Amino acid sequence: MKKFFLHLTLIITLFTFSAQAQTKISVTNLQCEMLNNPEGIDVVQPRLSWQIKSDVSDVKQMAYQIMVASTLENLNANKADLWDSGKVTSNESVNIIYNGKKLGDRQNAFWKVTVFTNKGEIKSATTAHFSIGILTYADWKSTRWIGYEKLSKDDSVSQYSRLSARYLRKEIDLKKQVKSAKVYIMGMGLYELYINGNKIGDQVLAPVPTDYTKNVKYNVFDVTSQLKEGKNMLGTILGNGRFFAMRQDYKPYKIKSFGFPKMALQLFVEYTDGTKDIIRTDDTWKLTTDGPILSNNEYDGEEYDARKEMKGWATTNFDDKNWVNARYVQEPGGFYEAQMMPNMKIMGEVKPISIKATAKGTYILDMGQNMVGWLQLKVKGKSGDQITMKFAESLQADGSLYIANLRDAKTTDVYTLKGEGEEIWEPRFIFHGFRFIEISGFPTKPTLENFVGKVVYDDIKTTGTFESSDATMNQIFKNAWWGISGNYKGMPIDCPQRNERQPWLGDRTTGAYGESFLFDNQTLYAKWLDDIKNSQTQDGGLPDVAPAFWRYYGDNVTWPGTYITVGDMLYQQFGDAEVIKKQYPSMKKWMMYMEENYLKDNLMDKDKYGDWCVPPESLELIRSKDPARLTDGQLLSSAFYYQLLGIMKKFAKIANADADIAHYDDLTTRIKKAFNAKFLNTEKNFYANNTVTANVLPLAFGMVPENLIDKVFQNMVHEVEVTKNGHISTGVIGTQFLMRTLTNFGRGNLAYKLASNKTYPSWGYMVENGATTIWELWNGNTADPTMNSQNHVMLLGDLMIWYYENMAGIKSNPETPGFKQIIMKPDFNAGLTFVNASHESIYGLIKSDWKKTKNTLEWKITIPANSSAVVYLPTANASSVTVNKQKLAQFSSSYKTENNNIVLTLESGSYTVNLRLQ
């Protein structure tokens, strides 16, 4: 696969000279609210961050000076008319809150930073930029929502809804020379924007989805270069997305729909003479539903008739006499706010590996990878030739598509040719989860060169790599990457192929933490926490799906508790304290709601899903019916609520809500006592019915009485190692803590066995059976097809965390969140002989590359500037250790011995550690 990423990076370079060599230190990746040069943010005190990069060791920031100006000219002249922080003594380079003049609507801000390090001063010559969006509802008031709230002749409101795309256009006349121009657009459900025939931006499936009755996201684009003095043409295409729901007039008690597509737009123009103008959506815009996009439905696919293309429709002088005037329509109802995360993009391409003819005259195209996005085709044929493409994840034994697991999703694209030479087409407003495509109606014999797969997910950077001595683990990592990326769709969804694709909370309780090692998912999950907050009921309840496109308000702990665990991830992995302060009141409201309604006899008496998807007793079952495999729901909810109370205690300190801590402490004490009284068998030293999940949760959460910890753990080990023959027996809940708990209590070798197994049930079993993503079920190749998505992430549990923290030794110190200090403590004895991993943290690139033989260990470590690491070496013999070819005693005097490990603190830089093993 060839991947393409757009990351605007700012590099500020300092060259300091010494008698020995030239040293390079730079400041890079200047960000505002963790975004690169964002347009139209709605945070008036944004957070500014930067990275320091260096080819020398021990680079520490001692101070910084931020300068912010209203124009680039002012900044270049060092005239910081918005904010000059002055020289601030601080080693903080992440999330520095802007503290200058009040920023107003449409304010432009240009900024740079000078960093003072222990190696010298870094004078910046390059700049970063951000702009403020529209801050008040009133500023949008005179901008009217427009659309067409009627069905066209081939549209239908039914279970299989059909709705053609809306095309809108407006010719404008700019009387003066344009100095600057920005477009502010809300296009529901999805939009593409054009100016003078050119598409604006490289985003797809924009904007990100929300509950549109609660909040509506607007996007902002600088379009100065697209406009000219005189006549210009604005054009948009509106698709359906989640707004005009995929299923209409079908289970309305469950599935939300928001109406017909609509839009509101402002074009804000500043002329060179200083005057300004605003062009807004109104009923003078022209509209047609008679374009080539006949239908676009995320579940069912897109239909396109190229014969109906309207050449030049988004340019001036197009004849739109058959178009109608757009109608004023009701606004969506939600508050208008800036989109503070990237849109989706085409992030790469996949070329198919085979194409085979079938007996019925169709062709089966194999992409070689279960992927998410769509298929681009190149074709020549006659006008009216129609190509149908049906998408699926796997094949039946006879080579035909396996579609039973798609439920009622049609997953079909239809393209009708116009018959004018080579035609290239791909859909605009849908996506598919697929590996195989059945192609019918192709006018000639198709070849591999006729097709390219387009990989679509949120425009976020891949930040993690992992390779080890175990080929199965390496393939699982690749499968995880594909599964995680494919399910990032402006929110984390649960499956991209069937008629679901919902943002289930329980799938990401711990999964989001593991994902954060592979992807820069901070803004995605910060947005998702807003979705959860916005879905909260007035009395405090939270749904299982947020945004609540499905009305699943049933109350439980393990699914909605994700609201809190994801917040904890954002703090731990990205040092984001502001998100905790923002969400804390709603988190507390939910915790109190659950306490008031479901805490009975100091136990949480409410569970809904159990330990979802434990390996069942029959390979054909979706859910186990065997009581011996199932964990008591009250145990699950009580243990999880106990764990959440501990997190809330930490959050209370961050949010300056210390008065809440006493209540959390009291609850944890009472719940722990009641929990052990009810569920702990003190004669046999296990919890409840001795499932692995029943034991792993109290062990992981610190609920086991100290004198019984080892006995309970050994009982759990016996269940894994002997009863289950070294295989997984946990579902979604237990798997979230299994791997780390085994390793933390000294059985990393058993965790490794689980990670590297190839037989059922295991992640490796999926690989052995051809999986290129992660299945929804441990028995996903044999279970009832109504629930066996082949691209799911919930069963990853804590596996990716274990890969990085326990095998690679890349872990953020909880005392210094965001990788300000890294804890590097791999389990060298788990069974791997080498690990080579990296993670791009907010401070920069962290690397851990170790190789072990019977008698030696070589460990290459990279620590980013302005960070440090506590490194654990598996020996107590300092004389056996060298660092960068120096004896340890010569290299450093600041190390200690702890539990037969040498504990060494390393500052930033690259190091090679060698030691002899005894």
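Here, residue 1 is the first one in the sequence, and each next residue gets the next number. The model shown is predicted, which means the values in this text are computed figures rather than measured ones.
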Practice problem: Begin with the C-alpha distance, continue with both residues' side-chain angles, and end with the deciding distance and a verdict on salt bridge (Lys or Arg N to Asp or Glu O under 4.0 Å) for Arg144 and Glu331. | Solution: CA-CA 8 Å; Arg144 302 289 294 271; Glu331 62 183 347; over 6 Å; no
Exercise. For ring pair (Phe, Tyr, Trp, His ring centres under 6.0 Å), just list the numbers for Tyr415 and Trp425, CA-CA rounded to whole Å, side-chain angles, deciding distance to a tenth of an Å, and then say yes or no.
Key: CA-CA 8 Å; Tyr415 178 73; Trp425 178 79; 5.3 Å; yes
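Remark: aromatic rings of Phe258 and Phe244 are distant, center separation not under 6.0 Å. Ring to ring, Tyr336 and Tyr218 are not that close: their centroids are 6.0 angstrom or more apart. Aromatic ring centroids of Tyr98 and Trp83 lie under 6.0 Å apart.
Between Glu39 and Lys182 a salt bridge is recorded (basic side-chain N to carboxylate O distance below 4.0 Å). The pair Arg47-Glu33 counts as a salt bridge, with a side-chain nitrogen and a carboxylate oxygen less than 4.0 angstrom apart. Taking 4.0 Å as the cut-off between side-chain N and carboxylate O, Lys489 and Asp458 do not count as a salt-bridged pair. Note on Lys454 versus Glu426: salt bridge recorded, some NZ/NE/NH1/NH2 to OD/OE distance being below 4.0 Å. For Lys176 and Asp273, the salt-bridge test passes: some basic side-chain N is under 4.0 Å from an acidic carboxylate O. With respect to the salt-bridge test (charged N to carboxylate O, under 4.0 angstrom), the residues Asp282 and Arg280 do not qualify. Using a cutoff of 4.0 Å between basic side-chain nitrogens and carboxylate oxygens, Asp320 and Arg169 are scored as salt-bridged. Between Glu192 and Arg428, at least one side-chain N (NZ, or NE/NH1/NH2) sits under 4.0 Å from a carboxylate O, which counts as a salt bridge.
Legend: ring pair (Phe, Tyr, Trp, His ring centres under 6.0 Å) pairs involving residues 183-203, not counting sequence neighbours, sorted by first then second residue: Tyr194-Trp313.
Around atom CD of Glu309, more than 12 heavy atoms belonging to other residues, nucleotides or ligands sit under 6.0 Å away. Atom NZ of Lys228 is surrounded by more than 12 heavy atoms from other residues, nucleotides or ligands within 6.0 Å. By the 6.0 Å contact criterion, NZ on Lys87 is open, its count of non-hydrogen atoms from other residues, nucleotides or ligands being 12 or less.
Judged as a side chain to side chain donor-acceptor pair (under 3.5 Å), and not counting sequence neighbours, Trp285 has no contacts.
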